[in-house]
*Asks:* 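Dumping the structure here so I can ask a few things about it.
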Amino acid sequence: MRILLLSGPNLAMLGHRDPAVYGTRTLDDLVAIATEAARAHGAELVHVHHDGEGELVAAVHRVVTGATPADAVIINAGALTHYGLSLRDALELLEVPCIELHLSNTQAREPFRHASDIAGVCSGTIAGLGAHGYRLAIDAAVALAEE
């Protein structure tokens, strides 16, 4: 099994960006957690990070066309969650499970963060559990892909 983890804008700044909201772990730390969780399931994790929406759309398109084989996708789209219509349209093309992931509880934050453009085309959302969410997203992705 192969899981694609997509990381959107500003996630490379984790560890520097508002630790009270996002914690002190870096993106590399979170990818390591997800990689270990995937290995525990006998799965391979492939991580792709881009700050631009177009690059994330292209990464999703590669899954759709089979150029990047994946049995499930996990996406922390950052701010593109709320404004990424082309990303939403790309995710809608997926024929594999897709988990929306957020470190913070977006519903407990600023009102503009309450709406997700991508939630409606994802299998489910994990939010507000910090680094634990990465393990849980792997568990969910594997379970859904095996169904």
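This structure is a prediction, so every number in the text was calculated from the model and none was measured.
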*Asks:* Restricting to non-hydrogen atoms, name the atom on Ala145 and the atom on Pro97 that form the minimum distance, rounded to 0.1 Å.
*Replies:* N-CG, 3.7 Å

*Asks:* Are Leu129 and Ile138 joined in one hydrophobic group, where the rule is that I, L, V, M, F, W and Y side chains link up if heavy atoms are under 4.5 Å apart?
*Replies:* yes

*Asks:* Just wondering, are more than 12 heavy atoms of other shown residues or ligands nearer than 6.0 Å to NE2 in His132?
*Replies:* no

*Asks:* Would you say the side chains of Asp29 and Thr26 form a donor-acceptor pair under 3.5 Å?
*Replies:* yes

*Asks:* Please identify which of these residues, Leu5, Ile74, Val31, meets the side chain to side chain contact (heavy atoms under 4.5 Å, CB included) condition with Tyr134.
*Replies:* Leu5

*Asks:* Check Leu30 against Ala131 and note the closest heavy-atom contact, atom names and distance.
*Replies:* CD2-CB, 3.6 Å

*Asks:* Between the main-chain N or O of Gly78 and the side-chain N or O of Asn10, is there a donor-acceptor pair closer than 3.5 Å?
*Replies:* no

*Asks:* With distance as the sole test, does Ser123 use its side chain to make a donor-acceptor pair with the main-chain N or O of Cys98 at under 3.5 Å?
*Replies:* yes

*Asks:* What do the steps show when you test Leu93 against Val60 for side chain to side chain contact (heavy atoms under 4.5 Å, CB included), and what is the final call?
*Replies:* CA-CA 8 Å; Leu93 298 170; Val60 173; 5.8 Å; no

*Asks:* How about CZ on Arg25, more than 12 heavy atoms from neighbouring residues, nucleotides or ligands closer than 6.0 Å, or not?
*Replies:* no

*Asks:* Give me the atom names and distance for the closest heavy-atom approach of His47 to Ser7.
*Replies:* NE2-OG, 2.7 Å

*Asks:* Backbone N or O of Ala127 within a donor-acceptor pair of the Asn105 side chain at under 3.5 Å?
*Replies:* no

*Asks:* Considering all heavy atoms of both residues, which atom of Cys122 and which atom of Glu100 are nearest to each other, and what is their separation?
*Replies:* SG-CB, 4.0 Å

*Asks:* Just so I know, are the side chains of Leu101 and Ile75 near enough to count as touching, which here means a heavy-atom distance under 4.5 Å?
*Replies:* no

*Asks:* Report the C-alpha separation of Ile99 and Val73 in whole Å, then their side-chain angles, then the decisive distance to 0.1 Å, and conclude whether the side chain to side chain contact (heavy atoms under 4.5 Å, CB included) test is met.
*Replies:* CA-CA 6 Å; Ile99 307 295; Val73 174; over 6 Å; no

*Asks:* For residues Ala59 and Leu4, report the shortest heavy-atom separation together with the two atoms involved.
*Replies:* O-CD2, 4.3 Å

*Asks:* Would you mind reporting whether Asp117 and Thr81 have side-chain heavy atoms less than 4.5 Å apart?
*Replies:* no

*Asks:* Quick one: are Asp139 and His41 in side-chain contact, heavy atoms under 4.5 Å?
*Replies:* yes

*Asks:* Hey, what do you get for CD1 (Ile3) to CD (Glu44), rounding to the nearest 0.5 Å?
*Replies:* 9.5 Å

*Asks:* Calculate, to the nearest 0.5 Å, the distance between atoms CD1 and CZ belonging to Ile118 and Arg88 respectively.
*Replies:* 10.0 Å

*Asks:* Checking side chain to side chain contact (heavy atoms under 4.5 Å, CB included) for the pair Glu146/Met1: CA distance, chi angles, key distance, verdict?
*Replies:* CA-CA 9 Å; Glu146 289 178 343; Met1 179 170 300; 3.7 Å; yes

*Asks:* Can a donor-acceptor pair be found, under 3.5 Å and without considering hydrogens, that links the side chain of Arg2 to the backbone of Pro69?
*Replies:* yes

*Asks:* Does Ser116 reach the side chain of Thr125, with side-chain heavy atoms less than 4.5 Å apart?
*Replies:* no

*Asks:* Keeping Glu53 on the side-chain end and Leu80 on the backbone end, is there a donor-acceptor pair under 3.5 Å?
*Replies:* no

*Asks:* Hey, are the side chains of Leu103 and Leu14 touching, using non-hydrogen atoms and a 4.5 Å cut-off?
*Replies:* yes

*Asks:* Kindly give the heavy-atom pair with the smallest separation between Ala38 and Leu45, and that separation in Å.
*Replies:* CB-CB, 4.0 Å

*Asks:* Give the C-alpha distance, both sets of side-chain angles, the deciding distance and a yes or no for side chain to side chain contact (heavy atoms under 4.5 Å, CB included) between His102 and Ile126.
*Replies:* CA-CA 6 Å; His102 301 284; Ile126 296 172; over 6 Å; no

